[in-house]
Amino acid sequence: MHVREPQDSTQEPGNSGRAPQGSKTMKRTSSGIVALLLIGVMMFLPTHFMIRSPGPVFNTLGEDNGHDVVSIKGAESYPSDSVLDLLTIYVQGGGQNRITIPVVLEALINPAKDVVPEETIISRGVSSEEKNEQNDFLMTSSQDLAVAAALTELGKDFTEWLTVADFSADTNEKVLEPKDRLLEFEGEKITSLEQLKESLNDHGAKPATLTVGRPDKHGVYSNVDVTVHTKEAENGERQLGVFLGSEYEFPIDVSFGLENVGGPSAGMMFALAIIDRLTEGSLAGDHHIAGTGEISAGGAVGPIGGIAQKMVAAKNNGATVFLAPADNCAEVIGRVPAGLDVIKVATLSEARHALEKIAKGQDPATFTTCE
């Protein structure tokens, strides 16, 4: 049983009780116009997405704008027939350069591009200018690490210091200074970060003597003994309350002639180019190789962003072999361009030996891949 709602039966003279047809049409037309205007406005509102697309490619054994990408002084340098490409990506959006919905939609249907949330590339509160400064710093750091990694791989000695980059707490802010080189802890030479951590933990909460190399206004270093304290971190380790960096003194002078490229991902390819220049012959024969990956001073190859776009750039520039960091393999699977052999590498040594075997005729398809 259904109960009807009471209806008003009052009608104005000459009115059948229905709204005039013209009035309904006007309302529908007005609503449609408003909806279209709203959609139009929304389409051009800035979004919090960023787009990665393939960028320029540079042969680390070649030139850019008339300058050698990698040049070496202080040691004999050899020519090479190999091509060792480092790869870049373009990044649109983020910070003060937000992109609109139509740009995002185009990227979503373009297989060479990826759309990612802004915070995966630029941390909240960081401006585009600050991000560019960070990338410039990371590029400079990756160049030092590439030299260190190449010399380590070739068994050549160099000097490395742990340095005070900044302070994370006020624990030793009054006794340490930025650029201080950490030389000795309680009279024992500091040889690595791991060794320093072990010494700090073994010493416990007691004050300790730290010998640092401190530069004067002319950059001349002298040794200074300071008394430092440590605080216990959440993980139980003792900490000095500083951010540490690294400073190197190399037996060779390596210059990098690449401009307007930032970030750390060129490290491995820089290191391979240095190895190629410092050894006779061509590291990869006459093969065209591309690759990417951060590098540590000890030769560990780390993951990078935008590997799918870098594989596209490598293929488009003529590379037949691509060296991929092992930790990027999940992003490689299903995105490899046809005709490009991808070799998985976790260390600079693995990458070097793979190229040497390719130079001797081994089929790149027989190497370990990400599949």
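Just so you know, these numbers come straight off a predicted model, no measurement behind them.
- A side-chain donor-acceptor contact under 3.5 Å links Ser80 and Asp276.
- The closest side-chain donor-acceptor pair between Ser265 and Lys310 falls under 3.5 angstrom.
- In terms of modelled atom types and a separation under 3.5 Å, the side chain of Asp253 and the main chain of Lys73 share no donor-acceptor contact.
- The two residues Asn223 and Leu183 come nearest to each other via the heavy atoms OD1-CD1, 3.3 Å.
- Distance alone, capped at 3.5 Å, is enough to place a donor-acceptor pair between the Asp216 side chain and the Gly219 backbone.
- The aromatic rings of Phe158 and Phe250 are tilted relative to each other, their planes meeting at an angle between 30° and 60°.
- At a cut-off of 3.5 Å, with distance as the only test, a side-chain donor of His48 or Arg98 sits close to an acceptor on the other residue.
- Between Phe167 and Phe243, the gap from one ring centroid to the other reaches at least 6.0 Å.
- For the pair Arg181 and Tyr221, the distance from NZ or CZ to the six-membered ring centre is under 6.0 Å and the angle to the ring normal is within 45 degrees.
- No hydrogens or angles considered: nothing links the side chains of Glu198 and Asn201 as a donor-acceptor pair under 3.5 Å.
- Residues Leu323 and Leu272 meet the side-chain proximity criterion, which asks for heavy atoms closer than 4.5 Å.
- Residues Asn65 and Glu259 bring no donor and acceptor atom of their side chains to less than 3.5 Å of each other.
- A distance-only check finds no donor-acceptor pair linking the side chain of Glu153 to the backbone of Arg352 [under 3.5 Å].
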